[in-house]
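First comes the structure, then the notes that go with it.
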Amino acid sequence: MKHKLLSQSSLAEQVWALTKRIPRGKVATYGQLAKALKKPRAYRAVGNALNKNPYAPIVPCHRVIRSDGSVGGFAIGTNKKIALLSKEGVKILNHKVTPLKKFLCKFY
DNA sequence: GTCGTGACTAGCC
DNA sequence: CGGCTAGCCACGA
């Protein structure tokens, strides 16, 4: 077999694809998405990908948070991110998902 | 080809 | 728990 590209699409596209699979009411960390893409060290790039996410309302990028449970950032505004999560049933206390373990998507 | 940037993370105090 | 530091990666200029 000839060499096959590990990623036909840019990292960003793969990130968005994964993000779309996050169930409503659940959340995933940047690090986990990176690991799911077989690039556990690319959590930085993952964050950038979501930041440039052109499918803002389509991709549930608000369900991606930091590994420590803090909501992290949001292109439209952190405040908005928190509001969306709260609407989905994710409890947030002082900008942090609580309890994180309960809302983390274990599929990744 | 090199440099700067950022929605991050783990470690240490 | 909170704050600071250094290390990491992909992408665009």
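As the structure is a computational prediction, the values presented were derived from the model and not from experiment. To find a chain, count down the sequence lines: A is the first, B the second, and so on, and within it residues start at 1.
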Report the distance from atom NZ of A/K96 to atom C1' of C/dC1, rounded to the nearest whole Å.
-> 9 Å
Nucleotide nearest A/N51 (side chain, heavy atoms from C-beta), chosen from B/dA7, C/dG7, C/dG2 | B/dA7
Separation between CZ of A/R66 and OH of A/Y43, rounded to the nearest 0.5 Å = 12.5 Å
Report yes or no: do A/V71 and A/I76 belong to one cluster of Ile/Leu/Val/Met/Phe/Trp/Tyr joined by side chain heavy-atom distances under 4.5 Å?
-> no
Starting at CG of A/L85, measure out to NZ of A/K80 and round the result to the nearest 0.5 Å.
-> 12.5 Å
Hey, could you give me the NE2/OG distance between A/H95 and A/S70, rounded to the nearest 0.5 Å?
-> 10.0 Å
All side-chain contact (heavy atoms from CB on, under 4.5 Å) counterparts of A/N79, not counting sequence neighbours | none
Separation between CG of A/N53 and CG of A/L50, rounded to the nearest 0.5 Å | 6.5 Å
Selection from B/dA7, C/dG2, B/dT9 that lies nearest to any side-chain heavy atom of A/T29 = B/dT9
In this structure, NZ of A/K87 is separated from NE2 of A/H62 (nearest 0.5 Å) by 11.0 Å
Which residues within residues 61-68 of chain A lie with some heavy atom under 4.0 Å of an atom in DNA chain B?
-> A/C61, A/R66, A/S67
Considering only heavy atoms, which members of residues 84-93 of chain A lie under 4.0 Å from some atom of DNA chain B?
-> none
Side chain proximity check, A/R63 to A/T19, heavy atoms < 4.5 angstrom = no
Flag yes if more than 12 heavy atoms outside A/K35 fall under 6.0 Å of its NZ atom; otherwise flag no.
-> no
Which pairs would a plain distance check flag for residues 98-108 of chain A, meaning a side-chain donor or acceptor within less than 3.5 Å of a matching protein atom at least two apart in sequence or in another chain?
from, atom 1, to, atom 2, distance (Å)
A/T98, OG1, A/K96, O, 3.1
A/Y108, OH, A/L18, O, 2.6

Could you tell me whether the side chain of A/F74 reaches within less than 4.5 Å of the side chain of A/C61, counting heavy atoms only?
-> yes
Whole-Å gap separating C1' (B/dT9) and CG (A/L104) | 15 Å
Same apolar cluster: A/V59 and A/V27, side chain cutoff 4.5 Å = no
Euclidean distance, A/L84 CG relative to A/I92 CD1, rounded to 0.5 Å = 9.5 Å
How does DNA chain C read in dot-bracket, base by base from 5' to 3', with Watson-Crick or G-U pairs under 3.5 Å and | used when the partner is on another strand?
-> .||||||.|||||
Where do N or O atoms of nucleotides 10-13 of chain C meet protein N or O atoms at under 3.5 Å, pair by pair?
from, atom 1, to, atom 2, distance (Å)
C/dC11, OP1, A/L11, N, 3.4

Value in whole Å for how far the C1' atom of B/dA7 lies from CD1 of A/I82 | 13 Å
